[in-house]
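Heads up: the structure comes next, in structure tokens.
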Amino acid sequence: MNVLVSRTGNPIPTWEAASPRSLAPHDVRVQVAAAGYTFFDSFVAADHATLGLPDLIGLGFDFSGTVVEVGPGVDAVTVGDRVAGLHADPTAPARAHAEQVVVPVDDLARVPDGLDLETAAAVPLNALAALQALDLLRVTDGSLLVTGAAGGVGTWATVLAARAGWAVDALVTPGTEHLADSLGAKRVLTEVHGRGYDAVLDAAGLQQAALAPVVDGGQLVGFKPGWPVPPERDITVTAVTTRPDGQALADLLPLAADQTVPVRIAARRPMKDAAAAYAEAGAARGSAGRWILVP
């Protein structure tokens, strides 16, 4: 099979032949139909040392495809099932940007009827990051600001928080207000003044600046665990490290299927043309929607 790999010192990944990995108990082999591209992929490809990664790593977090083999002890899925999942180990030599991917069965969820595999591939990382960020909040309701609410994680965070009972304001970049109009937020804002929120989910990566709207003793949840924000005013600061969760993903995928959560795909590119795809995606970083790579 072929996999997309990154080597230390070369910021552009390469599409290379690799031996298929054998299955351990409870593993599943998936023929990849589509995989999401995240800017973190381009970051790690450019600088392994910052993250303490090996010289050779695979790339790609979320994916969708069809089960082609199951390991001993697997009965939750069978060959031919359409599935989606998350490969969250950045040190692995082969990951989601590959013709096939091997993950534990507990990291997978069946893709519901009516949801195409390319759209399904854009769901796991964004949706699970948003859900697990909400799980870090000490309380279950109150006033919540979601920054970057027009983006992939922010869209999921806004919808899930509103459905959970939070009074949500959505902070977006000017010109993208329409992308957050139907997410369930009470207000869509392009700027915030003063302190008035019990909590902030910082999907935009504002970091220290995201503390300003939080009330004294409130909470900030970020999405950059390797770049901690120094707390102030008794604000609790945490950051989510997104982990695979097939059971949770099974509840999230139907929200994409029925368009409760809009999933926007900005572009589709073949994995074998990774050099051009990574360069294009970097130049289009401000665009709305997820990039999808296909074998």
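Here the structure is a predicted model, which means the values were calculated and not measured. Just so it is clear, the values below take in all heavy atoms, side chains as well, and ignore hydrogens, waters and symmetry mates. If you read the sequence from its start, that first residue is 1, and numbering goes on from there.
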Would you call [X] and [Y] a side-chain contact if the rule is heavy atoms closer than 4.5 Å?
X      : Y      : value
Pro90  : Ile57  : no
Thr78  : Val70  : no
Leu144 : Asp198 : no
Asn126 : Thr155 : no
Pro230 : Gln208 : yes

Is there a path from [X] to [Y] through hydrophobic residues (I, L, V, M, F, W, Y) whose side chains come within less than 4.5 Å of each other?
X      : Y      : value
Val240 : Leu125 : yes
Leu59  : Val3   : no
Val172 : Leu179 : no
Val102 : Val30  : no
Met271 : Val68  : no

Partners meeting salt bridge (charged side-chain N to carboxylate O under 4.0 Å, His left out) with Arg21 (sequence neighbours left out): Asp27
Which distance, rounded to the nearest 0.5 Å, do you find between the [atom1] of [X] and the [atom2] of [Y]?
X      : Y      : atom1 : atom2 : result
Leu131 : Leu252 : CG    : CG    : 5.5 Å
Leu134 : Trp166 : CG    : CH2   : 8.0 Å
Thr176 : Asp181 : OG1   : CG    : 9.5 Å
Asp273 : Leu293 : CG    : CG    : 10.0 Å
Thr173 : Glu177 : OG1   : CD    : 9.0 Å
Trp15  : Asn2   : CH2   : CG    : 5.5 Å

Nonpolar side-chain network containing Leu171, other nodes, edges under 4.5 Å: Leu145, Leu189, Val192, Tyr197, Val200, Leu206, Leu211, Val214, Leu220, Val229, Ile235, Val237
Heavy-atom pair of closest approach, residues [X] and [Y]:
X      : Y      : value
Ala170 : Ala180 : CB-CB, 4.3 Å
Leu160 : Ala130 : CD1-CB, 4.3 Å
Gly154 : Val146 : O-CG1, 3.8 Å
Thr119 : Val123 : O-CG2, 3.5 Å
Pro124 : Leu86  : CB-CB, 4.4 Å
Ala88  : Pro244 : CB-CD, 3.7 Å

Working for side chain to side chain donor-acceptor pair (under 3.5 Å), residues Thr260 and Arg163: CA-CA 11 Å; Thr260 297; Arg163 287 166 61 92; 4.8 Å; no
Is a side-chain donor or acceptor of [X] paired with a backbone partner of [Y] at a separation under 3.5 angstrom?
X      : Y      : answer
Gln207 : Gly205 : no
Arg290 : Tyr37  : yes
Thr66  : Gly80  : no
Ser64  : Val83  : no
Arg7   : Thr14  : no
Arg268 : Ala34  : no
Thr242 : Leu128 : no

Exceeds 12 heavy-atom contacts within 6.0 angstrom, atom CG of Asp258: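 Yes - once you tally the heavy atoms of other residues, nucleotides and ligands closer than 6.0 Å, there are more than 12.
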Glu232 CD: over 12 foreign heavy atoms closer than 6.0 Å: yes
Pairs touching residues 128-143 that satisfy salt bridge (charged side-chain N to carboxylate O under 4.0 Å, His left out), sequence neighbours left out: none
Summary of salt bridge (charged side-chain N to carboxylate O under 4.0 Å, His left out) pairs that have at least one residue in residues 90-115, sequence neighbours excluded: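 Listed by first then second residue: Asp81-Arg110.
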Worked check of side chain to side chain contact (heavy atoms under 4.5 Å, CB included) between Gln100 and Glu69: CA-CA 10 Å; Gln100 295 182 344; Glu69 186 182 0; over 6 Å; no
Stepwise side chain to side chain contact (heavy atoms under 4.5 Å, CB included) test for Asp55 and His48: CA-CA 7 Å; Asp55 288 340; His48 293 209; 5.5 Å; no
Pairs touching residues 60-113 that satisfy ring-ring contact (aromatic ring centres under 6.0 Å, His included), sequence neighbours left out: Phe40-Phe61
Pair listing, ring-ring contact (aromatic ring centres under 6.0 Å, His included) test, anchored in residues 203-245, at least two apart: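 Listed by first then second residue: Phe43-Trp227.
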